[in-house]
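As structure tokens, the structure follows; a few thoughts come after it.
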Amino acid sequence: MASLASLARASTLAVALAVPFAAVSAAQAVEWRGWNIHVDDYPVSHGMESFMKEVSEKTDGRITGKVYHSGVLGSQPDAIEQVRLGIINFGVFSLGPMGQAVPEANVVSLPFIFKSVDQMYRLMDGEAGAAIDAGLQKKGIVALGWYDAGARSFYNSQKPINTPADVEGLKVRVMNNDLFVGMIESLGGNATPMAFAEVYQSLKTGVVDGAENNPPSYESTNHYEVAKYYSISEHLIIPECLCMSKVTFDALSAEDQAIVLEAGKASAELERKLWGEREKKSMETVLAGGTQVNQIADKAPFQNAMSPVYDSFLEDNPDLTDLVNLIRNAD
Ligand code: BDP
């Protein structure tokens, strides 16, 4: 008799096989599915919609698709796996959760590795981005464009954070990646990896005291209603990737691949522009909603406390030393 596990495996396989088959049998107009964690009015969401529109227009409707917003196609770690398998065709992912599967991508999740968002753009559009793309491709993912996600800072329901000691004993939600657990523990906090969709309720009920994110995500999820202290630490500048399944990409003609690559780049430009505008608007919204924002004057103690995260990362990934140094030593 088949075990439950093998039945589960068989049904996962059936889904994996059924979806590409359905797409192939409707070969006249291929219908892609795009995964997005954010609400539809968000810079990432507009970037993805414009990508799909441009691809449809330039292929004269041979390729169409739908972007599923608000995480309705599942959590981020699951969606990354589904893109790798070609079950979901594309998505915008934070390189944070991607780092669990792709070590090269993890380099940008090292705290304070970029000096500024501008520097991040420059490096991602150059050698560092190319190295990360190569790592993604090995895992079945093609990067079509790097999206902006600003810088992440701490917020919580208890108090302003000014020094690492203020994080001691706080229960802090992090994205699903061991690096972030190490990062919070290096400050003496208790890290709780948790899906994005669960954070609001967990803040509200006190399952966690705080989290960390950029202002647009802090605002669009209404976390600011239940965690009123936002302390600008900017400890993580993590780019996001408009990513396509290699299964989907490799099935395209060279001409369609060129269309997709071009549309990906154009959508990243749009998203970056919208990002800057949204960041300002989000800050205004949270301030009007009663958030107490403080700038952390001295970030050096945070950087120093978090340095063991680098040590253990490099110990586990000695082959990534050059990539880490390329970013760390850049002007
Ligand atoms: C947001 C990212 C999103 C992450 C989320 C999180 O855009 O991809 O899932 O943070 O904290 O800024 O989980």
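Order of appearance sets the numbers: ligands from 1, and atoms from 1 within every ligand.
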Original post:
Is ligand 1 under 4.0 Å from a heavy atom in the side chain of V44, in the backbone, in both, or in neither?
Top reply: neither
Original post:
Does CD belonging to E127 count more than 12 external heavy atoms closer than 6.0 Å?
Top reply: no
**OP:** Check the pair D125 / R272 against salt bridge (charged side-chain N to carboxylate O under 4.0 Å, His left out), numbers first and verdict last.
**Re:** CA-CA 13 Å; D125 289 337; R272 291 178 188 190; 3.1 Å; yes
Subject >> E198/R173 under salt bridge (charged side-chain N to carboxylate O under 4.0 Å, His left out): CA gap, chis, key distance, verdict >> reply: CA-CA 10 Å; E198 287 166 28; R173 177 270 172 175; over 6 Å; no
Original post:
Backbone or side chain, does any N or O of N214 fall under 3.5 Å from an N or O of ligand 1?
Top reply: yes
Original post:
Going by heavy atoms in the side chains, are F249 and F90 under 4.5 Å from each other?
Top reply: no
Original post:
For atom 2 (C) of ligand 1, which protein heavy atom lies nearest, and how many Å away is it?
Top reply: E240 OE2, 3.1 Å
**OP:** Mark up the atoms of ligand 1 that fall under 4.0 Å of a heavy atom belonging to M175, in ascending order.
**Re:** 4 (C), 6 (C), 11 (O), 13 (O)
Original post:
Which ligand 1 atoms, with their elements, are less than 4.0 angstrom from a heavy-atom of F196?
Top reply: 5 (C), 6 (C), 11 (O), 13 (O)
Original post:
Under 3.5 Å, is there a donor-acceptor pair between the H46 and D40 side chains?
Top reply: no
**OP:** Report yes if R152 has an N/O atom closer than 3.5 Å to an N/O atom of ligand 1; otherwise report no.
**Re:** yes
Original post:
What atoms of ligand 1 come closer than 4.0 angstrom to any heavy atom of S217?
Top reply: 1 (C), 12 (O)
Original post:
Quick one: nearest non-hydrogen protein atom to atom 12 (O) of ligand 1, plus distance?
Top reply: N213 OD1, 2.7 Å
Original post:
Is R173 in contact with ligand 1, taking contact as a heavy-atom separation below 4.0 Å?
Top reply: yes
Subject >> Residues D256, R62: salt bridge by 4.0 Å N-O rule >> reply: yes
Original post:
So which protein heavy atom does atom 4 (C) of ligand 1 come closest to, and at what separation?
Top reply: Q76 NE2, 3.6 Å
**OP:** Could you check if a side-chain atom of M194 sits within less than 4.5 angstrom of a side-chain atom of V208, using non-hydrogen atoms only?
**Re:** yes
Original post:
Under the 3.5 angstrom rule, does the side chain of K299 hit a backbone N or O of I232 as a donor-acceptor pair?
Top reply: no
**OP:** Select one of side chain, backbone, both or neither to describe which atoms of A149 lie under 4.0 Å from any atom of ligand 1, heavy atoms only.
**Re:** neither
